[in-house]
Asks: 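Here you go, one structure.
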Amino acid sequence: MRAKFLAISILVLVVILGSMGCTGTSTRIDGGSGQQSIGTGETYGDWSHVSLTGTGASFPYPIYAHWAYKFENVSGIRLNYQSMGSGAGISSIQSRTVDYGASDKPLRQDELDEHGLIQFPMIIGG
């Protein structure tokens, strides 16, 4: 389970950071095979059936919604994020009812270890 979460987290981070620099890269369906090219010339499997769900802090919702829109356009993967507050993000990811959670408050290392989680900063607010 931890490996799945780590893989999803890394995928989301890489694509989000990559989509920040995308300025018009088009995604094409390759020869009707259901495989997609993500502007690199490489072809990946059909991910259009994949959906990841998360919840958490309301502060980052606008940028998460923008990133999710761009990510879905280049990957076919849908990111669903519900802004319900940091506490909901923490409790939902700890109970594994979502694929990812967001919080304005970083978790302590012992909390991460207890629930088999990793964290990384996405945005900073004043």
Side-chain angles (χ1 to χ4, degrees):
M1 187 66 160
R2 183 178 176 143
K4 176 184 173 188
F5 179 76
L6 179 60
I8 290 170
S9 299
I10 291 170
L11 173 67
V12 170
L13 176 63
V14 167
V15 174
I16 287 173
L17 293 176
S19 71
M20 291 172 62
C22 293
T23 59
T25 302
S26 62
T27 302
R28 297 180 14 189
I29 301 293
D30 226 312
S33 67
Q35 295 184 333
Q36 297 184 0
S37 171
I38 307 181
T40 62
E42 294 183 48
T43 304
Y44 302 93
D46 181 11
W47 291 84
S48 61
H49 63 283
V50 175
S51 178
L52 301 174
T53 301
T55 190
S58 57
F59 171 74
Y61 174 75
I63 192 65
Y64 288 174
H66 177 74
W67 288 342
Y69 173 78
K70 289 201 167 262
F71 182 56
E72 185 173 0
N73 284 336
V74 299
S75 71
I77 298 173
R78 179 171 165 71
L79 297 176
N80 177 24
Y81 181 78
Q82 300 293 316
S83 61
M84 300 177 68
S86 292
I90 293 170
S91 63
S92 295
I93 193 62
Q94 287 176 339
S95 65
R96 301 283 198 242
T97 58
V98 295
D99 298 305
Y100 62 99
S103 172
D104 294 335
K105 173 189 163 258
L107 297 178
R108 295 184 323 266
Q109 188 61 51
D110 63 314
E111 294 173 301
L112 295 170
D113 293 343
E114 178 183 347
H115 297 281
L117 301 172
I118 60 168
Q119 69 183 354
F120 47 88
M122 297 297 292
I123 64 170
I124 297 175

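Keep in mind the model is a prediction, meaning the values are calculated, not measured.
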Asks: To the nearest 0.5 Å, what is the distance between CD on Q109 and CD on Q119?
Replies: 7.5 Å

Asks: Give the minimum heavy-atom separation between L52 and D99, together with the two atoms involved.
Replies: CA-OD2, 3.3 Å

Asks: On a heavy-atom basis, which atom in A57 and which in S83 lie closest, and how many Å separate them?
Replies: O-CB, 3.9 Å

Asks: L112 and I90: same hydrophobic cluster, using ILVMFWY side-chain contacts below 4.5 Å?
Replies: yes

Asks: Measuring from atom OG1 of T53 to atom CG of L79, what distance do you get when rounded to the nearest 0.5 angstrom?
Replies: 9.0 Å

Asks: Taking all non-hydrogen atoms of both residues into account, name the closest pair between A88 and T55 and its distance.
Replies: O-CG2, 3.7 Å

Asks: Spell out, yes or no, whether F59 and M84 are grouped together once hydrophobic residues are joined by side-chain heavy atoms under 4.5 Å, including indirect joins.
Replies: no

Asks: Closest approach of G116 and R96, non-hydrogen atoms and distance?
Replies: O-NH2, 3.5 Å

Asks: I want to check something: taking the side chain as every heavy atom from C-beta on, are P60 and D104 in contact at a cut-off of under 4.5 Å?
Replies: yes

Asks: Applying a strict under-4.5 Å side-chain criterion to I, L, V, M, F, W and Y, I'd like to know whether M122 and I77 cluster together.
Replies: yes

Asks: Atom OG of S92 and atom OH of Y100: how far apart are they, to the nearest 0.5 Å?
Replies: 12.0 Å

Asks: How are the rings of Y64 and Y81 set to each other: parallel, tilted or perpendicular (split at 30° and 60°)?
Replies: perpendicular

Asks: Side-chain contact test, heavy atoms from C-beta onward, threshold under 4.5 Å: evaluate it for I93 versus H115 and give yes or no.
Replies: no

Asks: E114: what forms a salt bridge (Lys or Arg N to Asp or Glu O under 4.0 Å) with it, not counting sequence neighbours?
Replies: none

Asks: Answer with yes or no whether the hydrophobic clustering places F71 together with Y61; edges join I, L, V, M, F, W, Y residues whose side-chain heavy atoms lie under 4.5 Å apart.
Replies: yes

